[in-house]
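The structure appears below as C-alpha cells.
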Amino acid sequence: MDLALLRTFVTVHRAGSFTRAAALLGLSQPAVTSQIRTLERQIGRPLFLRQARGVTPTTIGDELAHKAAPHLDALVEITETGLEDDSSLRTLHLAGPPEFTAERALPALTALNGEDGQAFALRASFGNAEETLEGLAAGHHDLAIATARPRGALLTGTPLCDEEHVLVAAPHWAERVGTEKLSSTDAPALESVPVVEVHESLPFVARYWASVFDACPAGPGTVVAPDLRAVLACAIAGAGLAVLPRYLCAPALERGDVVALHEPAIPPLRTYFLVVRTGTLAMPHIARAHEWLLHAAAGWN
C-alpha cells in the first residue's frame, strides 16, 4: 500500500475535511479526493461518508486510522530528526495569548530548557484562540495555548488551568461607588465608572457582567488597548474599571494600586487548553514541553 495514500488518508481523517487536508498537505483538493478514492478502491470499502460540511469516517476508516496513524507519525519523527546533527537544537514553536504566554508559559519553558542537558530552541508567537488553533492545524506551531477546546480529530486539547477574573479599579473609584455595599444586583452602581478593555466588544467585562450580575455592560469602553497588561496599567492610572485575570493583577492588588470592586461568591473562570496536532506528542521535544507545562500549571491554580 502506498505510504503517500496513507498519509493523505490520515490527514483527512484528522482534519475532517478534504479542503483542510489539502491545505495541510500542500495539495489541491481534487488531488486529495483522487488519492482517497484510489485507497478506497485498493481496500474495497468506503473510508469516509461525504457530507455537506466535511467528511465522517466509516467504521473501516476509523479502524485504519487507528492502526496506521502511530506508524506514520513515527516515520515523520524519523524524517524530521534522523538527518539532524546531534549537536543541533530542535525548535519548539509555541503560540498563545500574549499575556498568559508571556507571564506564565514562557518563563516555565525557559526553566525547563536545558535543565537536564536536553535544550531546545524556543520560538513564540501571539494571537487569539482562533488564530493560534488555525496556525497549529496548518503546521506553523508545535504547541498552542487557547481558551477554546479544539473540535475534530486533527487537534488534541488538554485542560491546562483555570483563570479567575477580578473586577478592579483604582482606589478612588472604589470609594466613589462604595464597594462594601455592592451585591450581585448592583451592576447599575458601576455604570458611572469608565471601562478599560482589550476590544470594543468588551469581552472580559461582558462575560463578567453576564456571569455575576446577569446583565450587560451599560456603555462602551472608554479606553481600548489590545493587551491586558496595558489594560492593567490604565486601570492603575485611574482610567476606569477593568476585568483582569487574578494572576496578572495580584501584585497590583497587594500593593494597593488597584482594589477589587466586587468579590462574588463564585468568581468567573476561564479555562486554558494546551493543544497539539494529534500524534505529535511522539516527538520528544514537544512531549517534554507539553508535560512540563502541565506540571507547572498545577501550581498556577
Side-chain angles (χ1 to χ4, degrees), residues 89-115 118-151 154-166 168 196-199 201 203-204 207 224-236 242-253 268-278 280-281 283-301:
L89 289 176
R90 294 304 308 272
T91 300
L92 179 78
H93 295 270
L94 173 71
E99 308 86 0
F100 187 88
T101 305
E103 299 290 331
R104 293 292 207 195
L106 285 175
L109 288 175
T110 300
L112 165 67
N113 200 8
E115 57 89 27
Q118 300 180 28
F120 53 77
L122 184 60
R123 300 291 182 269
S125 58
F126 302 141
N128 59 34
E130 182 179 359
E131 293 167 344
T132 56
L133 293 181
E134 286 183 354
L136 180 65
H140 302 314
H141 318 306
D142 300 314
L143 198 59
I145 298 169
T147 54
R149 185 189 291 274
R151 297 180 179 180
L154 178 62
L155 303 177
T156 300
T158 303
L160 180 63
C161 66
D162 290 328
E163 171 185 270
E164 178 188 345
H165 288 176
V166 188
V168 302
V196 187
E197 257 284 10
V198 294
H199 191 270
S201 63
F204 284 84
R207 188 183 302 115
V224 175
D227 190 300
L228 288 172
R229 291 162 294 192
V231 170
L232 174 59
C234 291
I236 291 173
V243 174
L244 294 166
R246 184 172 290 278
Y247 79 84
L248 189 63
C249 63
L253 286 167
L269 300 176
R270 182 170 67 167
T271 300
Y272 284 98
F273 296 91
L274 191 56
V275 190
V276 296
R277 288 188 303 282
T278 302
T280 57
L281 287 179
M283 301 181 182
H285 69 302
I286 298 178
R288 290 177 66 241
H290 187 273
E291 180 181 1
W292 188 266
L293 284 175
L294 290 176
H295 174 75
W300 298 339
N301 289 324

> Please walk me through it: do F273 and T271 pass side chain to side chain contact (heavy atoms under 4.5 Å, CB included)?
Replying inline: CA-CA 7 Å; F273 296 91; T271 300; 3.8 Å; yes
Distance check, rounded to the nearest 0.5 Å: [X] atom [atom1] versus [Y] atom [atom2]?
X	Y	atom1	atom2	answer
I286	T280	CD1	OG1	4.5 Å
E163	R270	CD	CZ	4.5 Å
L155	R149	CG	CZ	12.5 Å
L244	E197	CG	CD	8.5 Å
I145	L133	CD1	CG	11.5 Å

> Does a sphere of radius 6.0 Å around CD in E164 hold more than 12 heavy atoms from other residues, nucleotides or ligands, not counting ones at 6.0 Å or beyond?
Replying inline: yes
Answer yes or no: is there a donor N or O on one side and an acceptor on the other, between the side chain of [X] and the main chain of [Y], under 3.5 Å?
X	Y	value
R277	H141	yes
R246	V166	no
T132	A129	yes
W292	A108	yes
E134	E131	no

> Quick one: does S125's side chain get under 4.5 Å of H93's, heavy atoms only?
Replying inline: no
>> Can you tell me how the ring of F204 sits relative to the ring of H165, calling it parallel under 30°, perpendicular over 60° and tilted otherwise?
In response: tilted
>> Quick one, D142 with H285, criterion side chain to side chain contact (heavy atoms under 4.5 Å, CB included). Give me CA distance, side-chain angles, the key distance, then yes/no.
In response: CA-CA 10 Å; D142 300 314; H285 69 302; 4.2 Å; yes
> Can the ring centres of W300 and F100 be said to be less than 6.0 Å apart?
Replying inline: yes
> What closest approach, in Å, do T101 and P107 show between heavy atoms, and which atom pair accounts for it?
Replying inline: O-CD, 4.0 Å
>> Tell me which pairs pass salt bridge (charged side-chain N to carboxylate O under 4.0 Å, His left out) where either residue lies in residues 225-236, with sequence neighbours left out.
In response: D227-R229
> With sequence neighbours excluded, what pairs up with T156 under the side chain to side chain donor-acceptor pair (under 3.5 Å) test?
Replying inline: T278
